[in-house]
S.K.: 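Handing you a structure now.
Order of appearance sets the numbers: ligands from 1, and atoms from 1 within every ligand. Computation of the quantities below employed the complete heavy-atom set of this structure, encompassing side-chain atoms and omitting hydrogens, waters and symmetry-equivalent molecules.
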Amino acid sequence: AHAETLEARCQVPVYACQRRTLLAHRNQTLTEVLQTMAEEAHFCGSEARSLAFSRAASVLKSLPWTVRRVQELRSLPCLGEHSRRIIQEVLEDGASAEVERVKHSERYQAMKVFTKIFGVGVKTASRWYQEGLRTLADLQAHRAKLSKEQEFGLLHYDDLNTPVERSDAEAISQVVRDAVGQCLPGASVTLAGGFRRGKQTGHDVDLLLTHPTEGQEVGLLKKVISWLDKQGFLLYHSSRRNTFQAFEDPELWSRSSASGMDHFERCLSIFRLRLPGGVQISAGAQKPGGAVTGSGVSSFWKAVRVDLVVTPFSQFPFALLGWTGSKNFERDLRRYSKHEKKMALNNHVLYHLEQKIFLTAASEEEIFQHLDLEYIPPEERNS
Ligand code: GTP
Ligand code: MN
Ligand code: MN
């Protein structure tokens with residue numbers, strides 16, 4: 001009865017950017033099965049189906065009560081028939097036969113193993129599966145052709161699939177801060193991504209670099225990378241230059257932003273993070289730089305994925321908003337902007353499609369104001 005009163009009182013907004021979603025929520029079991037289905041659909045290249053499951057999970061994350069009966073879903077948005085059916089199965093039988101089948105399927109399991117390699121997406125993983133490969137050992141035996149990125153991904157597979165702790169993220173931020181301080185005094189380093197949303201662990205570290213005098217940031221990334229490399233902090237890095245042109249057709253970049261990619265100068269890297277006190281981790285893993293012991297390989301460092309992104313100061317609030325996530329939150333911010341406000345939002349700018357003007361902002365708060373949205377702090381963007 002309590003749940004139903006809450007349901008009646010609760011008008012859950014359609015867009016994730018209108019909801020406050022904390023990390024801890026009350027429907028973990030249900031969101032996990034829906035996310036498994038979303039992942040499976042993604043592995044099949046069915047992006048619309050994947051999105052539908054993600055949205056359903058996202059709505060459940062925002063509920064202030066634990067769903068116990070399928071009737072409680074009546075007035076909720078984004079819950080399609082398939083999602084409701086799976087939720088009902090889980091509520092009534094404790095598990096969904098369909099989800100169990102997916103989780104135990106050979107294809108899902110192999111796709112999961114392959115896509116966990118840094119640099120491997122669904123396309124490559126599917127191809128390997130089609131060729132009959134199932135495990136990392138198969139991949140090595142088959143001598144599959146790998147990109148540089150994938151080679152490093154495979155080499156550091158265990159480390160890169162070990163959760164990055166908040167303390168690791170802080171340590172890496174500090175190293176990058178030191179590097180940036182040496183290369184360009186006055187420049188700043190900001191931790192974005194899941195850690196900014198309050199997560200205690202993550203799959204990588206997302207860092208934004210900028211300088212309050214626009215233009216000063218040009219050339220910074222090269223110097224920072226070279227400093228880090230000389231100090232032995234980088235196992236792998238690959239950079240891309242800035243390709244953003246503000247005054248080309250705004251329609252063009254508003255389309256490209258739909259994919260979540262932006263045009264900032266950036267570096268995808270793998271850090272060699274020294275561990276305090278020489279803790280032994282991932283015994284048996286291949287560690288080219290580790291110290292070999294009798295039982296296998298132990299080491300005093302671990303590999304961590306780090307994204308470095310350089311932004312001109314005037315675009316920083318947009319970049320920060322875009323790189324803080326969650327993915328569901330970002331996707332809906334853009335969708336809301338376009339459909340409800342006739343504005344195009346991306347990681348660089350906010351553009352009014354009818355008035356044909358750029359709306360500037362000095363903070364995330366100002367971007368929310370332009371969009372007539374209540375400000376949602378990072379900790380409540382875990383949609
Ligand atoms: P974990 O790292 O798994 O803890 O979660 P996370 O939320 O930090 O995810 P991730 O590092 O993948 O991405 C963080 C945010 O940056 C998300 O909102 C993404 O949409 C965004 N992001 C990640 N990669 C890219 C990219 O290549 N281009 C753009 N524009 N955005 C990206
Ligand atoms: Mn991240
Ligand atoms: Mn990232």
S.K.: S326 versus ligand 1: do any nitrogen or oxygen atoms come within less than 3.5 Å of each other?
M.R.: no

S.K.: Where is the tightest heavy-atom contact between C17 and F329, given as atom of each residue plus distance?
M.R.: CA-CE1, 3.4 Å

S.K.: Hey, which atoms in ligand 1 end up nearer than 4.0 Å to a heavy atom of D204?
M.R.: 2 (O), 11 (O)

S.K.: Ion pair present between E330 and K327, side-chain N to carboxylate O less than 4.0 angstrom?
M.R.: no

S.K.: Are any of the N/O atoms on D262, whether in the backbone or the side chain, positioned under 3.5 angstrom from an N/O atom of ligand 1?
M.R.: yes

S.K.: Counting only heavy atoms, tell me which of W323, F329, F264 gets closest to atom 32 (C) of ligand 1.
M.R.: W323

S.K.: Scan side-chain atoms only and decide if E39 and Y108 contain a donor-acceptor pair under the 3.5 Å cut-off.
M.R.: yes

S.K.: Which of the numbered atoms in ligand 1 are under 4.0 angstrom from any heavy atom belonging to G322?
M.R.: 16 (O), 18 (O), 21 (C)

S.K.: Aromatic ring centroids of H348 and F244 under 6.0 Å?
M.R.: yes

S.K.: Salt-bridge test for E40 and R107: reply yes if a basic N is under 4.0 Å from a carboxylate O, no otherwise.
M.R.: no

S.K.: With nothing but distance in play, are any N or O atoms of G194 less than 3.5 Å from an N or O of ligand 1?
M.R.: yes

S.K.: With no hydrogens and no angle check, just 3.5 Å: does a side-chain donor-acceptor pair link H42 and S50?
M.R.: no

S.K.: Would you mind running through ligand 1 and noting each atom that sits below 4.0 Å from a heavy atom of G193?
M.R.: 8 (O)

S.K.: In ligand 1, which numbered atoms sit nearer than 4.0 Å to a non-hydrogen atom of G202?
M.R.: 4 (O)

S.K.: For R334 and D332, run salt bridge (Lys or Arg N to Asp or Glu O under 4.0 Å): C-alpha distance rounded to whole Å, both residues' side-chain angles, the deciding distance at 0.1 Å, then the answer.
M.R.: CA-CA 5 Å; R334 287 167 196 192; D332 278 9; over 6 Å; no

S.K.: Could you please compute the angle at the Mn ion (ligand 2) from OD2 of D206 to OD1 of D204, rounded to 10°?
M.R.: 100°

S.K.: Would you check the N or O atoms of E330, main chain and side chain alike, for any that come under 3.5 Å of an N or O of ligand 1?
M.R.: no

S.K.: Is R85 paired with E89 through a side-chain N to carboxylate O contact shorter than 4.0 Å?
M.R.: no

S.K.: Is there any N or O on T201 that sits under 3.5 Å from an N or O of ligand 1?
M.R.: no

S.K.: Could you tell me which atoms of ligand 1, counted from 1 in the order shown, lie closer than 4.0 angstrom to a heavy atom of R197?
M.R.: 7 (O)

S.K.: Within the 4.0 Å heavy-atom shell around R266, which atoms of ligand 1 are there?
M.R.: 26 (C), 27 (O), 28 (N)

